[in-house]
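The structure appears below as C-alpha cells.
Every chain is numbered from 1 and lettered A, B, ... according to where its sequence line falls, protein lines coming before strand lines. No experiment lies behind these values; they were computed from the predicted model shown.
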Amino acid sequence: MYKILKRKVIAAKTVMLHVEAPAVAKSIQQGQFIMLKLNEYGERIPISISGWNREEGWLRIVIMGAGRTSNEILLMQEGDEFESLVGPLGTPSHVGKFDGTCVLLGGGYGAGAIIPVAQKLKELGNRVIGVVGARNKDLLVMHNELKEEVDALYITTNDGSEGIKGFVTNALSSIMEKENVAWVMGVGPVPMMKAIADMTRADKIPTYASLNAIMVDGTGMCGACRVTVGGETKFACIHGPDFNAHETNFEELMLRQGAYKEPEAIANEKFKDFDFSKI
Amino acid sequence: MADLKTKDRMKIKRTEMPLRDPEVRKHDFDEVPVGFTMEEAVLEASRCIDCGKPHCVEGCPVNINIPGFLKALEKGDMQSSINILMNTNQLPSICGRVCPQDQQCELVCIVGKKNKPVSIGNLERFVADYAMEHNLIPDFTPTEAMEVDQKIAIAGSGPAGLTVAAELRKLGYKVKIFEALHKPGGVLFYGIPRFRLPAQVIDNEINNLKKMGVEVELNALIGRTYTVDALFEEGYDAVMIGTGAGLPKMLGLPGENLKGVFAANEFLTRVNLMRADKFPEYITPVIVGKDVVIIGAGNTAMDAARTAMRFEPNSVTIVYRRSRDEAPARTEELLHAEQEGVKFLFLNNPVELIGDEEYNLKEMKVIKMELGEPDEGGRRRPIAIKGSEYNIKCDMMVSALGFGVNPLITSTTKGIDVNSWGAIVVDENGMTTKEGVFAAGDIITGGSTVIMAMGQAKTAAKGIDRYLKAKREVK
C-alpha cells in the first residue's frame, strides 16, 4: 500500500525516504503531517513532511532513529511497505506575503520539515532565510535541499565543525541585526523552539513553533496531544501543529513529551545495543 | 410452546443472562455475558405475549419487528427470525450487545408491567450470533437488475456509516466507506471494549457488508485526504457524513493537562484499537495509575472504569455530580462495573487537579453536590455545597464527559451549516444545507448511542435514495 520507493542514508541513524501515497501527495500543504503505522503491532506516530511529488504520488520524509518505531524504520528497505499512512493532517502553516524577511529555523528532523514552508513563502514573493542546526557537521541533514529553496542559508553546529559555532539562535540574532525580520518559524526540539520564541518576543515578531506533542489517532478524536497556548487547551493535531510560539507553554509540552519514557525504553530494548553503522 | 396462554406466559420468570465470574473476568478482556443456550432463548422468547399494540417496536429507534423475530425464535425458525431482525437492523449482533434496551424497547414492554420485561436485547444477540455461526445471514446483495449507476461516498465506518452503507447497497447503489483509522468500525472498535463488544463481532458485521459489495477505504480522512467537493468531482452522486462527534470535552479545570489526565477516548483507543493491554508485544503503551478516578456516569465512563480495572490498580472510582438515579449508563453496565469492584462517588464533582513537581497527577480536589430543581431535560440540577471541598488520592483521571464536534469537514467544505455548538444541521431527510450532502450520528447530535445513530442513518439513507431517484428522473 504505502511503499518505500526510494531510501537514502543521509547521516548517522538518519534516512530519507520517498513513500508512495498518491492521495496525500495530491492534497498536502506546507506544515501538514502524516500518521504512520508500521505493521499490526506498530504504534501510530506523527511524521513531518519535507517534500512531495504530486504527479508521481510520493511524500519525502526524514527519519532519525530515536525510539522503537523510528529505529524500525531505519531498517526498512526500498519496496517495503507501511501498514497505514494517513494524511495530510493538521492546519497548514500560516504563511502569507510579509513586509520583511522570513526566517525558518530547523533543528534535527526539523531541517526537512521547513522546506515546504520555505517553498510556499518564496512562491508568495517573500525573502526567505533558512537556518539549520545540528550538534556537529556529521549530523547535519537536508541543508543542501533547503539551500535550493531559500535566499540565504545559515548553518550552525554546537561544536563549530561547520558554519557558526553555537545554536540556531546565534544565527537568528545576527540575522535580526542585519535584516528587517517580519516572520519566524522554528521546527525541532522544544528547547530550540522556546529559545527562538524568547529571542523574538521583545520585538513582537510573529513567531510560530510546530509542536511535536504525543499523538494517538492524529485526527482530533483522542485528545492526547493537548497543549496550552495563550492559556487555553488546544489539540496539536487539528488546531496545530503550528502555534504562536510567544503564547506556547513549552515547559508543559516538554513534561508531557516525557510521559511515556519508561515504556518507551522497554519497547526500544530490542535496539539497545544494535549496530546501526551498517544500515 | 406456541399453545401457551398469555396468562401462563406472563408467569414465566425472566431468564437472566449468565455472566462470567467477576473475580475472573476483571483480569481479562474476554466477553462478560456468556450468552443464552437455545433452551434458555426459546423459553425467554415465549415470555413475549405478542400483544396487540407492541410498544417495544415504537420504543426501538429503528422499529425492529420485535414480536416477529421473537415468535419465530420461539418456534425454532431461526432463518425467519434473523430475516425479520435484519430486515430493519443491519447490525443485530452489535445492537444486541450495546443498545440501552432498558431505556427503549424493554422499558415499554407490556410484560414488564406485571413481571420483568422480555429480555429483548439478549435475544437479539442470541439470534444474530446463532445466524452467524450457522450461516443463516440473509444475502442482501442486489441482483444485477437492481444495480443502480449512482455512487455514494460515506465518511466514517461507525454505526451511522455502516447502516447507510447497508441500506443503500441493498437498493443497488454503489457504496464506498472512507475510514480515517487503520481499522473499520469507528467508535465500535476504538471506543467500546472487547469485554463488551468482541472485535470479531464487529469484523463479522463489516465482512457481511463487504460481501454485499460495499467498498471500504481505510486511512482516508474526509476533509483532508479527500474533501467533500473532491468526492463530487470524482463522480460521487451523494456524500454522507457519519464521522462521529470527534473532539473529547475536557473538564476546563486547573491541572487538566497534567500527566495522568486522559480523555476517555485516548485511554480507550490506546487499549481497544492499539492493544496497549498487550504491550510490549504491541508497541503502544498505556500507563494506568494505582488510584484511578473516572469522571462521568455514562456508558463510556463505565467502559473506562472497567478497562482500568483490568490493569489491576488499587482502586477505580467513578465520580459523578448527580446521584445514581440520573446516571445515563445502561443499568447493566453500572451493575457489571459494581460487580467488578468499581467504587462510586455520587454527588461529587472535581474542582481541581493537583500534580507533583514532575507534573504527574497526584490528587483531585472534589466538592460535594446536592440536587436542586429539575433542569430543562427534567433531571434535577446538581448544586455545589459551599465549603465542602476535600481531596482524594488520584494518579490517573479519565474524563468521560462527552464530546465537542470535530470541525474538520465543515471547515473544509463551504455551505454546510452548523448549529451554535458546532453540530451539522440536517432537514427531515437527513440532508445538510449543502445539496447532496447528508449526515447522521453523533456529528448531528453531539454524542448519543449506537442505535440512535443508526436510526438517523436510516432516515438519511431514505433521504439519499429519494434524492438520487429524483436525480435519475431528471436525467
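A donor-acceptor contact shorter than 3.5 Å is absent between the side chain of A/Arg226 and the backbone of B/Met250.
Of the N and O atoms on the side chains of A/Asp217 and B/Thr269, not one donor lies less than 3.5 Å from an acceptor on the other residue. Residues A/Glu43 and B/Tyr282 bring no donor and acceptor atom of their side chains to less than 3.5 Å of each other.
Looking at A/Glu83, both its backbone and its side chain come within 4.5 Å of chain B, counting heavy atoms on both sides. For chain B, the nearby part of A/Thr69 is the side chain; its heavy atoms alone come within less than 4.5 Å. With a threshold of 4.5 angstrom between heavy atoms, A/Ile34 does not approach chain B through any atom at all. Residue contact with chain A, scored on non-hydrogen atoms closer than 4.5 Å, involves the backbone and the side chain of B/Arg224 alike. Contacts between B/Val286 and chain A at a heavy-atom distance below 4.5 Å involve the backbone alone (N, CA, C, O). When heavy atoms are compared at a cutoff of 4.5 Å, B/Tyr226 approaches chain A solely by way of its side chain, counted from C-beta outward. If you measure heavy-atom distances from A/Arg68 to chain B, the contacts under 4.5 Å come from the side chain alone. Using a 4.5 Å cut-off between heavy atoms, B/Phe267 does not touch chain A at all. Contact of B/Glu358 with chain A is made through the backbone alone, with heavy-atom distances under 4.5 Å. Both the backbone and the side chain of A/Leu255 come within contact range of chain B, each with at least one heavy atom under 4.5 Å from a heavy atom of that chain.
The OG1 atom of B/Thr284 lies 10.5 Å from the CD1 atom of A/Ile45; values are rounded to the nearest 0.5 Å. To the nearest 0.5 Å, atom CZ of residue A/Phe82 and atom NE2 of residue B/His182 are 15.0 Å apart. Rounding to the nearest 0.5 Å places CZ of A/Arg44 at 5.0 Å from CG of B/Leu181. To the nearest 0.5 Å, atoms CG (B/Asn265) and CE (A/Met221) are separated by 5.5 Å.
Taking all atoms of both residues into account, the shortest heavy-atom contact from A/Thr219 to B/Asn406 is O-ND2, 3.0 Å. Between B/Ala180 and A/Val86 the shortest heavy-atom distance is O-CG2, 3.7 Å. The shortest non-hydrogen separation linking A/Leu85 to B/Asn219 is O-CB, 3.4 Å. The heavy-atom pair separating B/Pro248 from A/Gly220 by the smallest distance is CD-O, 3.5 Å. A/Glu252 and B/Asn257 make their closest contact through OE1-ND2, 3.3 Å (heavy atoms, listed as atom of the first residue, atom of the second, distance).
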Report task. Report the C-alpha separation of A/Glu262 and B/Ile287 in whole Å, then their side-chain angles, then the decisive distance to 0.1 Å, and conclude whether the side chain to side chain contact (heavy atoms under 4.5 Å, CB included) test is met. Result -> CA-CA 10 Å; A/Glu262 281 174 34; B/Ile287 300 175; 6.0 Å; no
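Counting heavy-atom pairs closer than 4.5 Å to chain B, the top-ranked of the candidates A/Gly42, A/Ala259, A/Pro263 is A/Pro263. In terms of non-hydrogen atom pairs under 4.5 Å with chain A, the most contact-rich of B/Leu408, B/Val261, B/Leu218, B/Thr227 is B/Val261. Taking A/Ile28, A/Ile238, A/Val24, A/Thr233 one by one and counting their heavy-atom pairs under 4.5 Å with chain B, the maximum is reached by A/Thr233. Between chain A and the options B/Arg275, B/Lys278, B/Met274, the largest number of non-hydrogen pairs under 4.5 Å is found for B/Met274. With chain B as partner, the option from A/Ala224, A/Ala267, A/Gly258 having the largest number of non-hydrogen pairs under 4.5 angstrom is A/Ala224.
For A/Glu40 and B/Lys183, the salt-bridge test passes: some basic side-chain N is under 4.0 Å from an acidic carboxylate O.
The neighbour count for A/Lys97 NZ, taken as heavy atoms of other residues, nucleotides or ligands under 6.0 Å away, is above 12. More than 12 heavy atoms of other residues, nucleotides or ligands lie within 6.0 Å of NZ in A/Lys13, so this atom counts as buried by the packing criterion.
In this structure, B/Arg270 forms a cation-pi arrangement with A/Tyr260, its terminal cationic atom sitting closer than 6.0 Å to the ring centre and no more than 45° off the ring axis.
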